Amino acid sequence: MKTETVAMILAGGQGSRLGKLTKQIAKPAVPFGGNYRIIDFAISNCANSGIKNVGVVTQYQPLVLNSHVGNGSSWGLNRHNGGATILQPYSSVDGEKFFKGTAHAIYQNIDYIDQKDPEYVVVLSGDHIYKMDYEKMLEYHKRKDANLTVGVMPVPWEDTSRFGVMNTDKTDRIIEFQEKPEHAKSNLASMGIYIFNWARLKQYLVDNQSKNRQMEDFGHHVIPAYLRNSEAVYAYQFEGYWKDVGTIESLWSANMEFLDPDHELNIRDRDWRVYSRNPNTTPQFLTASARVTDSMITDGCYIAGEVTHSILSHNVKVGKNSVIKDSFVMPNAVIGENVTIDKAIIGEGAHIYDGAEVVGIEEDIAVVGYGEEVGGYSDEK
Amino acid sequence: MKTETVAMILAGGQGSRLGKLTKQIAKPAVPFGGNYRIIDFAISNCANSGIKNVGVVTQYQPLVLNSHVGNGSSWGLNRHNGGATILQPYSSVDGEKFFKGTAHAIYQNIDYIDQKDPEYVVVLSGDHIYKMDYEKMLEYHKRKDANLTVGVMPVPWEDTSRFGVMNTDKTDRIIEFQEKPEHAKSNLASMGIYIFNWARLKQYLVDNQSKNRQMEDFGHHVIPAYLRNSEAVYAYQFEGYWKDVGTIESLWSANMEFLDPDHELNIRDRDWRVYSRNPNTTPQFLTASARVTDSMITDGCYIAGEVTHSILSHNVKVGKNSVIKDSFVMPNAVIGENVTIDKAIIGEGAHIYDGAEVVGIEEDIAVVGYGEEVGGYSDEK
Amino acid sequence: MRSKIVPILNLLEDYEKLKPLTDRRPVASLPFACRYRLIDFPFSSLYNAESESAALFISGSGHSLYDHIRSGSTWGLDSSAGGGVFTHSQLEKKSATGTDSKHGKFYYDDYYKYVTRSRAEYVAIMGSSLLSNINLNSLLHFHEDKDGEVTIVYKKIRRDDLIADSKLSALQIDNEDSSKVEGVNHISDLNGDEHIYLNMETMLLNKKTFLDFLFKAKNEDLSVNVANFISFTIEEGCTVYGYEYTGYLKAIEDIKSYYDANMDMLDEDNFNALFYRADPVRTRAKNSAPTYYGSTAVIENAQFANDCEVYGTVKHSIVFRKVNIAEGAHIENSIIMQDSSIEEGAVLKNVILDKHVYVKNGARLEGTPENPLVIAKNSVVYSNGEIEEG
Amino acid sequence: MRSKIVPILNLLEDYEKLKPLTDRRPVASLPFACRYRLIDFPFSSLYNAESESAALFISGSGHSLYDHIRSGSTWGLDSSAGGGVFTHSQLEKKSATGTDSKHGKFYYDDYYKYVTRSRAEYVAIMGSSLLSNINLNSLLHFHEDKDGEVTIVYKKIRRDDLIADSKLSALQIDNEDSSKVEGVNHISDLNGDEHIYLNMETMLLNKKTFLDFLFKAKNEDLSVNVANFISFTIEEGCTVYGYEYTGYLKAIEDIKSYYDANMDMLDEDNFNALFYRADPVRTRAKNSAPTYYGSTAVIENAQFANDCEVYGTVKHSIVFRKVNIAEGAHIENSIIMQDSSIEEGAVLKNVILDKHVYVKNGARLEGTPENPLVIAKNSVVYSNGEIEEG
């Protein structure tokens with residue numbers, strides 16, 4: 001069976017701005033939205049776009065990511081010769097292969113891509129929350145007869161200095177690329193989403209490596225090289241919701257936005273589902289003393305307290321007279337009685353003991369790490 | 001669910017004595033016996049011994065091995081919280097983790113083992129052909145109250161200098177270990193099969209690494225350290241067929257032995273099956289001109305020639321008037337008409353054109369590499 | 001460790017009194033507790049004992065059961081390498097032989113073939129209508145310890161915990177040795193306030209005992225089923241031990257007992273007894289979003305599965321997946337199965353909605369705890385109370 | 001690319017003339033060509049077109065079919081994330097409604113629900129008894145190109161390639177435009193030596209056309225099946241195009257045509273036409289060892305699956321998995337299904353052995369090419385020729 005498209009999801013980064021949340025696990029594996037991990041959005045986009053071969057490139061603390069992604073069966077990818085493949089460093093007769101940058105990670109995995117023999121390679125980040133139909137972007141790429149299409153979106157002009165900015169002509173062809181410019185000529189920011197014609201990209205990566213020219217990073221090396229050589233590089237504009245959850249505050253606010261039943265991310269849309277590995281657990285149990293409003297609750301939760309405008313992931317326990325507000329609680333957290341949690345992120349398996357308080361403010365969200373314990377020891381089991 | 005035992009299969013080696021057969025793939029992934037790859041024996045032993053968690057430690061050209069092993073479903077391992085996990089190098093906050101030796105490979109994957117929280121760790125090689133019930137060895141290990149049990153087998157005295165040799169007392173306790181001794185005191189050779197109490201092994205690995213003491217190799221460092229400290233180290237004697245297929249000649253003769261319907265490896269034993277990933281292919285087609293005797297043929301083969309005392313793996317084509325004798329042909333090889341193959345190993349996807357000859361002798365088996373072409377170009381498709 | 005048990009699931013269970021819930025499904029695939037089906041419980045027992053295979057004896061087409069089980073991979077019963085789910089349909093046999101096989105009669109040959117090809121030493125026989133969570137490893141230890149030929153699981157209950165015309169049976173326990181079984185009584189012969197030792201129709205046998213029995217039953221053309229198997233083995237002179245089960249149990253024999261079993265789960269002790277033990281209950285995973293509770297939702301002692309949207313009032317009820325409950329709807333003491341929709345102002349009390357029922361604006365449905373109202377699958381309930389069956 | 005096709009497999013196929021092979025299995029699960037079942041062919045068409053779901057309409061219990069299909073993962077029909085195999089058993093409906101549904105009648109509601117929830121634009125309808133390997137993508141391109149409402153697949157054959165009392169139908173093709181279909185004839189009305197356009201009962205429809213039809217059929221209580229669907233749509237004024245299939249085809253309507261189809265595979269042209277094309281045929285993977293041919297084996301133009309041991313003579317025959325053929329046994333023009341054993345000196349000519357048949361030392365079994373001898377599943381054939389059915 002011919003493979004038209006292979007997606008390569010770059011999931012290697014540590015994401016150090018997420019602090020203790022990415023100490024033992026890679027950023028794309030951080031829990032999100034009650035039932036998900038961050039990378040679920042990119043992989044689900046692939047599945048919904050009809051892309052069946054997905055390479056997940058990773059080298060930082062891969063255990064959780066590996067067992068989460070597996071062969072991709074949770075996303076229906078393990079069909080029709082497709083599947084997810086975790087791509088880690090390895091050694092060969094040429095030596096050891098760690099990844100030094102985004103383009104270098106693709107270079108080191110040329111064998112994997114060549115095995116699938118695709119026409120196009122879609123390069124994605126594993127740490128963005130959005131829904132996007134890559135098939136439409138691919139149609140655009142074909143229509144434009146492009147060699148590279150870059151996904152872009154308009155950002156407020158005052159934010160352009162934080163992004164790679166694309167200047168386009170009237171046909172949407174990219175004529176200039178400014179990396180984090182002081183004075184941007186456009187407000188179209190790169191989303192880190194690329195569609196390459198594989199044969200051409202491979203040529204760039206192999207030729208330049210063999211000539212010892214730096215070709216490690218897409219933004220710094222590959223795109224400039226393409227533009228220098230007047231390759232057909234086009235910008236594809238994306239209009240929907242898109243969020244980089246690279247900081248504690250953005251992770252928190254993305255969860256709060258996700259919670260809104262009218263939010264455009266619309267998690268209940270049956271035509272564009274976000275898939276994940278589903279744990280095996282019990283129904284959610286709201287006792288007579290529970291009071292749950294404007295909240296998302298996941299299977300396995302046991303709630304005897306009050307939950308308002310919050311997301312509780314699976315198997316969270318909330319004791320009597322506890323109040324959880326404006327917060328995101330990761331799986332398997334145990335919250336005792338008389339606890340107050342407000343504007344906080346509670347890590348997986350954390351234990352908040354009776355009477356404890358975890359309270360943040362919008363500009364400084366409180367964070368409890370994975371398995372962390374807060375508060376004194378009570379006599380509860 | 002409590003995990004009693006985790007098996008760690010060391011599949012990292014290149015196996016350079018197999019020459020061109022291990023240039024692009026790791027030795028444990030080399031095809032064997034028509035329907036198998038070498039590592040299938042070790043993984044099937046685990047499955048048949050009731051071990052459900054198998055870590056396959058690899059770092060050399062892992063693509064083929066990865067897609068072959070997958071999540072272990074071909075061996076029924078992906079049940080009851082079990083599964084096969086491919087363990088490759090990765091980076092962490094402590095830096096990059098390549099594997100420097102057998103024990104170091106376990107050290108680098110402590111996180112994986114701790115996640116399963118086993119009582120015992122069984123350490124195996126991925127490149128031996130044998131059937132062994134590790135459950136019986138584990139019962140022995142428990143009965144002896146051992147901290148380490150080493151699988152051993154008697155070898156001819158003249159061969160002892162090629163092995164690690166174990167001297168035991170009357171209770172089978174190992175009192176001395178000689179690595180490739182000139183003058184062996186015993187003919188019990190280590191098979192590279194170890195059962196460790198995990199807590200103790202971990203202590204050795206972590207303590208010594210933190211003290212910068214070398215603890216890289218089981219034979220060179222760990223076993224001597226155990227013996228120095230008078231740990232309870234026992235030898236478990238294995239009596240059956242066991243073969244290291246580390247050279248071209250041993251790979252060939254192991255296949256020839258495997259072919260014998262009365263061989264003790266007995267591939268048709270329904271109580272101890274050797275599992276593998278089964279390809280999807282057609283029935284085997286023996287035409288009116290075929291003559292097949294004393295041979296193993298696999299699904300997908302098309303045979304119009306003569307095959308004697310040989311193993312043909314799946315999808316091998318043999319043209320008219322060709323003769324294949326005393327040979328092992330790997331999957332997808334195409335053999336034209338009037339070809340003579342004798343005492344040879346034909347690599348996966350090799351193409352032997354009309355009239356060509358590939359003839360070896362018992363001491364120097366002829367080898368055709370993967371995808372290699374032999375003979376002139378004919379007009380066949 | 002390799003599993004020592006080769007399990008047989010006897011699903012030729014009586015479903016007449018559970019209609020209309022069993023119109024299109026066997027008892028084994030009855031939905032239970034927001035996300036399960038009854039078969040999940042014996043299957044999870046197999047999973048927790050690391051069994052690799054199961055033989056299912058099914059009456060009728062088993063269609064809904066097959067759809068739930070699929071490859072059996074949820075419970076480690078995948079067949080890619082040994083093991084697997086082997087199904088035997090009574091119906092198939094019937095049409096093949098042209099004779100009307102007796103309901104519940106063993107198919108000796110299928111049993112024989114299945115059991116002999118396993119390396120396991122013991123045969124386990126289980127059903128699905130006696131809702132419980134049995135630890136087969138404990139049963140196995142008990143059986144090996146007692147060293148008898150048969151161990152049958154029982155629970156000490158009161159006669160009137162069962163329905164009046166129960167078809168179940170009770171064990172006679174030896175006065176001297178409370179683990180020895182001396183005989184079997186029909187429940188219908190027993191008084192209402194007696195304590196009885198309910199035969200849970202779950203047992204462990206030595207493989208040889210079982211094969212001997214099959215041989216005899218076939219040769220003598222006996223009609224033995226799970227219910228009278230124990231009396232048969234005692235008559236044959238086997239030593240039969242009783243293993244006491246102390247966990248949650250409910251015999252699901254009619255609509256009311258089915259309803260009560262669900263309502264029981266809203267009691268924390270029962271819920272924990274059945275679910276929060278070392279042996280988790282597994283069901284087929286489905287992709288789902290968390291359930292959203294709106295700002296107008298009022299919930300009191302209720303259980304939900306994922307994928308619901310709740311804006312109304314739900315009290316003392318069990319709600320399955322993908323149920324929408326509008327603002328102003330009021331649900332009490334009810335079971336709402338998946339894909340149902342309850343519009344504004346609708347009132348439901350003591351009701352069982354089967355799958356995919358649509359309750360329109362302001363409709364009222366009311367049963368009693370003794371006689372819950374069942375609305376069949378795919379029905380539409382109109383505002384005026386009219387019900388259109390789907 | 002996402003699949004544009006939502007497929008329906010109509011497996012309510014006639015099996016009377018295929019007995020005893022169809023005693024315990026539907027036509028769709030008939031074993032074929034050493035390692036396949038007939039359902040593998042339409043399923044592989046779906047796989048090759050990257051379909052993610054299939055609706056199966058089955059009569060009887062479908063037990064053997066479920067056991068073969070399992071989760072459907074072999075053909076990319078796994079349901080863990082969207083898609084999946086949806087089965088609809090006619091039998092279930094019958095017992096639910098108490099009425100005897102007409103054989104082959106569409107279940108409009110099940111169809112409706114299944115088709116509407118798919119995002120695909122076209123409905124494909126296929127069966128399993130017209131053995132072929134159809135490329136659905138080519139059919140799709142043709143259909144999109146013609147821009148009609150229905151495209152039906154046909155093959156140009158001679159009337160007498162079919163059995164005398166065939167229940168199949170032929171298309172009337174427009175004289176001007178050979179791709180336009182004007183009507184349908186019963187095969188039984190046609191002469192023996194005519195070339196006909198066999199209606200292969202495989203078609204592609206626009207989703208809207210199909211849903212319109214369902215609506216009408218339900219409202220007017222029509223009894224439409226696959227065979228008369230095309231005449232119906234033509235009467236309704238739809239534009240129906242014919243897509244010519246040029247690959248291997250065999251209509252399996254009785255034992256002889258089933259036998260011939262298997263024997264056809266021993267002809268390389270037929271074998272290559274059905275198997276060695278861009279669209280491989282997939283079946284459920286089973287762990288197996290290579291087949292061993294002993295030094296006394298004499299094989300001439302025969303096909304085998306893995307896992308056999310062959311010491312005897314096998315000519316012009318089809319041998320399934322796990323068959324043992326002893327030295328001195330002689331097999332010619334026969335089909336030997338899996339798990340059979342043929343002892344020394346046994347002679348088989350023009351025979352079909354169903355699964356797990358044991359042919360003892362020196363037994364002789366002989367049919368004719370016109371009337372092959374069928375030995376039922378699990379039989380034992382004794383040396384004196386006596387047959388004990390299993």
Side-chain angles (χ1 to χ4, degrees), chain B residues 1-7 35-36 40-54 68-84 116 118-120 122 132-139 141-142 195 268-280, chain C residues 1-7 40 42-54 69-86 113-122 124 133 135-138 140-141 144 207 275-285:
Chain B
M1 207 174 299
K2 177 93 190 78
T3 308
E4 190 186 34
T5 315
V6 166
N35 225 10
Y36 311 93
D40 292 344
F41 289 83
I43 306 181
S44 297
N45 284 343
C46 290
N48 287 311
S49 302
I51 298 174
K52 295 196 174 71
N53 282 286
V54 177
H68 181 67
V69 175
N71 63 357
S73 63
S74 297
W75 296 266
L77 295 174
N78 61 333
R79 307 180 188 179
H80 310 122
N81 279 334
K116 308 288 175 190
E119 200 72 34
Y120 308 103
V122 181
M132 180 172 174
D133 191 339
Y134 306 134
E135 198 174 8
K136 283 193 185 145
M137 181 167 165
L138 182 62
E139 279 161 19
H141 179 84
K142 290 181 196 168
I195 296 182
R268 277 163 228 289
D269 179 3
R270 305 248 156 241
D271 280 347
W272 197 277
R273 298 212 231 177
V274 180
Y275 301 103
S276 187
R277 182 170 289 262
N278 285 284
N280 198 77
Chain C
M1 236 185 35
R2 287 190 290 259
S3 176
K4 289 180 169 178
I5 297 175
V6 45
D40 292 340
F43 266 6
S44 296
S45 286
L46 298 185
Y47 178 89
N48 292 320
E50 302 199 0
S51 275
E52 291 174 358
S53 73
I69 298 170
R70 297 287 174 180
S71 64
S73 59
T74 302
W75 305 275
L77 300 169
D78 202 348
S79 65
S80 66
V85 180
F86 305 93
K113 220 168 123 183
Y114 168 67
V115 169
T116 47
R117 79 172 161 194
S118 164
R119 285 193 291 178
E121 299 160 51
Y122 305 103
N133 186 347
N135 186 314
L136 287 178
N137 283 334
S138 302
L140 177 64
H141 292 321
E144 290 189 325
K207 195 190 214 169
F275 291 109
Y276 280 118
R277 28 189 294 164
D279 309 322
V281 183
R282 299 174 65 83
T283 189
R284 193 148 77 93

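The figures that follow rest on heavy atoms only: side chains count, while hydrogens, waters and symmetry mates do not. What you see is a predicted model, and the numbers here were worked out from it, not measured in a lab. Residue numbering restarts at 1 for every chain, and letters A, B, ... go by the order of the sequence lines.
- Partners of B:Tyr134 according to the ring pair (Phe, Tyr, Trp, His ring centres under 6.0 Å) rule, which considers only residues two or more places apart in sequence or in another chain, do not exist here.
- Using a 4.5 Å heavy-atom threshold, the side chains of C:Glu52 and B:His80 count as touching.
- Interface remark: B:Asn278 contributes no atoms to any contact with chain C (heavy atom separation under 4.5 Å).
- Annotation: salt bridge (Lys or Arg N to Asp or Glu O under 4.0 Å) contacts of B:Lys142 (sequence neighbours excluded): B:Glu4.
- Contact count against chain C (heavy-atom pairs under 4.5 Å) is highest for B:Asp133 among B:Leu138, B:Thr5, B:Asp133.
- Contacts of C:Ser51 with chain B are made by backbone atoms alone, with heavy-atom separations under 4.5 Å and no side-chain atom involved.
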